[in-house]
2 protein chains.
Amino acid sequence: MEPAAIVLDLNQLRRSCGSCALHELCLPAGIGVADLQRLDATVKDKRMLDRGAMLYREGDKFDALYVVRSGSLKTFVQNEAGDVQILAFHLPGEIIGFDALASDRHVSQAEALERSSVCELPYAKLQQVASEVPALHRQLMRVISREVVEEHRHLVMMGRQQAQEQLATFLRSLADRYQRLQRDSTALNLPMSRYDIANYLGLVVETVSRLFSRMEEMGVLEVNRKSVRVLRPDLLAGLCRADAASKRKDAG
Amino acid sequence: MEPAAIVLDLNQLRRSCGSCALHELCLPAGIGVADLQRLDATVKDKRMLDRGAMLYREGDKFDALYVVRSGSLKTFVQNEAGDVQILAFHLPGEIIGFDALASDRHVSQAEALERSSVCELPYAKLQQVASEVPALHRQLMRVISREVVEEHRHLVMMGRQQAQEQLATFLRSLADRYQRLQRDSTALNLPMSRYDIANYLGLVVETVSRLFSRMEEMGVLEVNRKSVRVLRPDLLAGLCRADAASKRKDAG
DNA sequence: CGGTATATTGAATCGCGTCAATCGCGGTGG
DNA sequence: CCACCGCGATTGACGCGATTCAATATACCG
């Protein structure tokens, strides 16, 4: 698959979960030191992905979950006609692949947005360790549940917000995750294209482009292609809320 | 909480998972007979809910999952301003409450759409049994994963389809679930209001109403308030697909 | 340096939301 | 049993926001 040189690099890069910088964001969170070693043993060597490389495709047999270690990925579904809907963008520390648990086959696809690395967690091994380490099981369930909650946010964004609110919400969620990663949450780097952003929000690319321009005029952002500086986080937060009653309050 | 007479009824109605009609759709699916008894022991008495009654609210402490036994519920999130987004409608055999696993508190709400009954699965007990019955664990993971996949469908519907396609897709998904329940999938009974349907799809109630009328004119449906007859399932299926390239094919 | 994909901007169109009026069903009380 | 009331549902007229179509600008990559 990859040149031998790169494979060697990977082996060098191999680290234990215990010493990983993402430790607290990742599966090990809340797991004791002793059990950590057992989890550690299940992690296969990291995989490097070039920009545009697929981590898994729809229909692929499910055999592992993946933790984003560096870089970023997008996950999406695609129908027969080729239409794509992006489900999420994934930053370091985030775990992907849960869609396949139901049917043993992936029903979505994962693609690297830039050169990225992931830790592979073979599910059979993971399950075995989890059966002996209850804390790991709880943690696994928590992580899936977080994904469910995150999708709720996506649904609210698409269903109740208008375009500008959506983009503001998207940027804020990105900023929040930057903060968790100890990055400067006002200096966002957008690894995905405008098309990706538009697709994720259920809009067309022109609308997204116009909104970036408008927010720049308003003095909220400073946009420069993939680099976005948040000049006024307070204003950005304000743009997320629909002040007027949006569409419907309570469906009694 | 409830009158004593009703509580007595509940005790009478108490059935084991093994003899439940929903057996194959519910948590027990794929669990051996021996283990079934252990699962069975964790199920608390059923709860009856009148139309409009809340099963849980946002912020409630998480202590159980629930299986819809009869009737139907809606789950939704609500922001500070009171805006509601309906996440899903739940028919018999479906399990709800997974949103709370992440934080030990519910982040969504569940309300009965009609007089309904649910089986309560206290999570502490469930976890204990699951730790001794690996098959149950796998099944639990599968069920959550199904929820993730179902939300993907909801996202695609909202993000890529226009109003008429959305309503058609909604009706078809309902018909599919009717079929699983061995009900006549061409005679749909909509327990939720037009407001609920509109909210679920990210539309306003007038649009939904107009679409029902239009589909009736087209000869696809026969609509009578809450009762909808599907006259032409083939046409309905056709309405789900956006023939034209909808917004964006591949976000490469 | 040229070719191509990505991004921005403008003008015209249209689908859906908003506002408003009416209908029809279900529950209630006289 | 019927008149009344109230809420959910339907229908029409109108306006706005987002898409569509089209042109141009800018970055990226060989």
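Given the structure is predicted, the values throughout are model-derived calculations rather than measurements. Chain identifiers are assigned alphabetically (A, B, ...) following the order of the sequence lines, protein sequences preceding nucleic acid strands; residue numbering begins at 1 within each chain.
Taking OG1 from B:T75 and OH from B:Y200, the interatomic distance works out to 9.0 Å, rounded to the nearest 0.5 Å. The distance from the CD atom of A:E147 to the CD atom of B:E151 is 9.0 Å, given to the nearest 0.5 Å.
Nearest approach of A:R153 to A:S173, heavy atoms of both residues: NH2-CB, 3.4 Å. When all heavy atoms of B:F89 and B:K74 are compared, the pair lying nearest together is CD2-CB, 3.8 Å. B:L188 and B:V230 make their closest contact through CD1-CG2, 4.1 Å (heavy atoms, listed as atom of the first residue, atom of the second, distance).
Counting to the nearest Å, the P atom of C:dC16 and the CD atom of A:Q161 are 20 Å from each other. As rounded to whole Å, 9 Å separates atom C1' of D:dT10 from atom CZ of B:R194. Here D:dT20 presents its P atom at 12 Å from OH of A:Y195, a figure rounded to the nearest Å. Residue A:I197 contributes atom CD1, which lies 9 Å from atom P of C:dT8 at whole-angstrom precision. In this structure, the CG atom of A:N199 is 12 Å from the P atom of D:dT19, given to the nearest Å. Here C:dT6 presents its P atom at 13 Å from CG of A:L113, a figure rounded to the nearest Å. Rounded to a whole Å, the CZ atom of B:F212 is 7 Å from the P atom of D:dT10. Protein atom CZ of A:R214 is 9 Å distant from nucleotide atom C1' of D:dG17, rounded to whole Å.
Closest to the side chain of A:V204, out of C:dT9, D:dG17, D:dT19, is D:dT19.
Under the salt bridge (charged side-chain N to carboxylate O under 4.0 Å, His left out) criterion, A:E114 pairs with no residue at all, not counting sequence neighbours.
Contact check, A:T207 against D:dT19: a side-chain N or O comes under 4.0 Å of OP1 or OP2. Checking the phosphate oxygens (OP1, OP2) of C:dT9, a side-chain nitrogen or oxygen of A:S213 falls inside 4.0 Å. Between B:K226 and the phosphate of D:dA9, there is a side-chain N or O to OP1/OP2 separation shorter than 4.0 Å.
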Protein-proximity profile, nucleotides 21-30 of chain D, B/S/- by nucleotide at the 4.0 Å heavy-atom cutoff, equals BB---BS---
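For A:R160 (side chain) and B:N199 (main-chain N/O), a donor-acceptor pair under 3.5 Å exists by modelled atom type.
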